[in-house]
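Let me begin by presenting the structure, written as structure tokens, before commenting on it.
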There are 2 protein chains.
Amino acid sequence: MLTHAAEDYLKSIYKLQEKGGKVSTGILAEYLDVKPASATGMIKKLKTMKLVRHERYRGVTLTAAGKAIALEIIRHHRLLELYLFKALGVPWDGVHEEAEKLEHVISEEVEARMDEFLGYPTADPHGAPIPDKNGVVTQTASIPMTDLQKGQTCAVAEVSDNDSALLRHIGSFNLYPGTAFRVVEVAPFDGPFTIDIAGQQVVIGREVAKHIFVDQVQDPDNV
Amino acid sequence: MLTHAAEDYLKSIYKLQEKGGKVSTGILAEYLDVKPASATGMIKKLKTMKLVRHERYRGVTLTAAGKAIALEIIRHHRLLELYLFKALGVPWDGVHEEAEKLEHVISEEVEARMDEFLGYPTADPHGAPIPDKNGVVTQTASIPMTDLQKGQTCAVAEVSDNDSALLRHIGSFNLYPGTAFRVVEVAPFDGPFTIDIAGQQVVIGREVAKHIFVDQVQDPDNV
DNA sequence: AAACTAATTTAGGCATGCCTAAATTATATA
DNA sequence: TATATAATTTAGGCATGCCTAAATTAGTTT
């Protein structure tokens with residue numbers, strides 16, 4: 001079995017590969033809050049285990065085996081987040097941290113029981129997709145809220161999960177995934193967004209909006 | 001924060017202290033499946049942390065601080081066992097192993113939510129007492145099943161939790177804590193027990209009976 | 001009391017995974 | 001092309017927690 005640290009490296013490589021593309025030692029080290037020299041060491045070890053490919057000075061890639069493990073850990077993480085949120089009522093700004101520890105430790109049995117309890121869900125409380133038990137990820141297309149125009153309606157698809165204070169803030173406006181809203185006003189010069197959620201008007205700063213992703217975007221009827 | 005290993009040592013010292021009395025380095029090492037030299041090393045470290053008292057060649061004792069941590073871990077373990085059993089339907093012969101890993105990792109928040117969900121329980125699925133959040137243990141008096149006489153009635157109070165196969169065996173007779181039964185026959189020369197559970201007669205070998213503890217013992221009416 | 005046995009502790013080693021500092025390689029600029 | 005800068009890797013160290021082998025201490029026997 002792999003160590004927790006090794007699992008964290010594989011998970012991080014997968015995530016960085018998803019958005020960025022090339023995963024350098026430095027980027028990986030920064031993401032894991034570790035020095036580059038430490039990342040080099042773990043990369044070497046993972047390479048001997050045939051979980052990653054690596055060419056000096058050229059970055060890391062997951063092998064099929066490495067990707068499978070990364071997806072397994074991500075699945076654990078997201079299932080746990082949703083389970084803690086729905087079954088135990090842990091507030092959504094706390095589930096990430098908790099799942100970060102539990103994801104390395106739960107058995108396949110517990111994974112399966114949570115999955116069943118939750119009705120085989122496809123997204124965690126922040127809207128991130130949950131890989132199925134075969135490692136298949138169903139991605140949904142979404143755009144950053146900052147791309148919205150005045151008058152458009154949409155639904156929250158996903159929010160960043162790593163900043164607890166930000167999540168509390170977003171949660172206070174009820175901007176959970178699935179929530180629909182309409183853009184009432186976009187202040188000029190990269191100013192805040194005023195939106196309408198179920199009749200309530202709230203103002204969302206640009207920095208916050210960058211961490212919110214939406215889908216089901218529709219233009220206003222009267223244009 | 002303590003390491004998982006240190007927590008396991010404290011927990012083990014507590015448990016050995018409970019039944020045996022004096023906890024020697026050797027006993028502790030054997031219990032933890034570790035060499036005596038390793039136990040010596042950890043004992044030294046725990047001593048510098050003022051979690052145990054130790055005199056060379058004379059055994060270990062928990063300090064108040066050490067006992068508090070031990071009880072906290074045991075509370076986690078037993079709450080987790082019951083939660084996994086009741087909320088997720090993990091079979092009772094699997095919950096021990098799972099809880100063994102999770103006990104070091106859950107937050108106070110999750111502990112509290114499980115406690116609430118379960119209605120502030122006082123015993124785990126094997127009948128072992130769950131310390132309350134202040135570390136208070138409510139012990140119930142029970143006797144080994146092997147002390148029972150023909151004709152007596154009683155209820156299962158507790159069963160050993162560390163042998164998975166044994167638990168499956170006991171479970172197949174429905175001998176869960178709380179289950180009442182009557183002793184129909186005790187075979188001579190330390191032979192097996194024949195008991196009546198809800199009208200069904202089953203035979204329990206002596207070796208198995210040693211791991212079952214009962215309370216509410218009553219003598220037959222017609223004697 | 002001396003000697004033997006059992007328990008415990010000390011000493012030295014190994015793997016993991018982090019660190020800092022120095023050396024190396026790649027890339028961009030003059 | 002030569003040099004400066006940035007990224008990466010190597011080298012050596014530290015803490016944790018396990019191991020084996022050897023030394024020490026305690027307790028028991030003769």
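So you know, we letter chains A, B, ... as the sequences are listed, proteins then strands, and number each from 1.
Side-chain nitrogen and oxygen atoms of B:His54 include none within less than 4.0 Å of the OP1 or OP2 phosphate oxygen of C:dT8. Applying the 4.0 Å criterion to OP1 and OP2 of D:dT16, one finds that B:Tyr9 has every side-chain N and O outside that range.
At a threshold of 4.0 angstrom between heavy atoms, the contacts of A:His4 with the nucleic acid are absent. When heavy atoms are screened at a 4.0 angstrom cut-off, A:Thr40 is found touching base atoms of the nucleic acid. Residue A:Ser38 is in base contact, counting any heavy-atom pair closer than 4.0 Å across all strands shown. B:Ala5 comes within contact range of the sugar-phosphate backbone alone, with a heavy-atom separation under 4.0 Å but no base atom that close. The residue B:Thr3 sits close only to the backbone: its heavy atoms come under 4.0 Å of sugar-phosphate atoms, none of a base. As judged by a 4.0 angstrom heavy-atom cut-off over every strand, B:Gly41 is placed among residues making no nucleic acid contact.
Both A:Pro36 and B:Gly26 lie close to DNA chain C; mapped to their nearest nucleotides by heavy-atom distance, the more 5′-ward contact belongs to B:Gly26.
Rounded to whole angstrom, the span from the CZ atom of B:Arg58 across to the P atom of C:dA6 amounts to 20 Å. Here C:dA7 presents its C1' atom at 9 Å from NZ of B:Lys22, a figure rounded to the nearest Å. The CD atom of A:Glu55 sits 14 Å away from the C1' atom of C:dA26 (whole-angstrom rounding). At whole-Å resolution of the value, CG in B:Leu28 and C1' in C:dA7 are 14 Å apart. The interatomic distance linking B:Tyr31 (OH) with C:dA7 (P) rounds to 20 Å, in whole Å. Note: CD1 (B:Ile43) to P (C:dT9) measures 6 Å, nearest angstrom. Following rounding to the nearest Å, B:His104 (NE2) and D:dT16 (P) show an atom-to-atom distance of 17 Å. Taking atom CG on A:Leu2 and atom P on C:dT16, their separation rounds to 12 Å, with Å as the unit.
Remark: side-chain polar atoms of B:Ser164 are paired, donor with acceptor, to backbone N or O of B:Asp93 under 3.5 angstrom. Looking only at distances, no side-chain donor or acceptor of A:His76 sits under 3.5 Å from a matching main-chain atom of A:Ser107. For B:Ser142 (side chain) and B:Asp215 (main-chain N/O), no donor-acceptor pair under 3.5 Å exists by modelled atom type. Counting only distance, with no hydrogens or angles, the side chain of B:Ser12 and the backbone of B:Asp8 share a donor-acceptor pair below 3.5 Å.
Candidate nucleotides C:dC18, C:dT9, D:dT10 were compared by shortest atom distance to the side chain of B:Arg56, and C:dT9 ranks first. Candidate nucleotides C:dT10, D:dT16, C:dT20 were compared by shortest atom distance to the side chain of B:Lys45, and D:dT16 ranks first. For A:Val34, counting side-chain heavy atoms from C-beta on, the closest listed nucleotide (C:dC18, D:dT8, C:dA11) is C:dC18. Out of D:dA26, D:dT9, C:dG17, the shortest distance to the side chain of B:Tyr57 is found at D:dA26. Side-chain proximity of B:Ala37 to the nucleotides C:dT20, D:dA21, C:dG17 is greatest for D:dA21. In the set C:dT9, C:dC19, D:dT9, the nucleotide with an atom closest to the side chain of A:Lys35 is C:dC19.
Here the straight-line distance linking atom CD of A:Glu109 with atom CD of B:Glu98 works out to 7.5 Å at 0.5 Å rounding. For the atom pair CG of B:Leu118 and CZ of B:Arg78, the computed distance is 15.0 Å after rounding to the nearest 0.5 Å.
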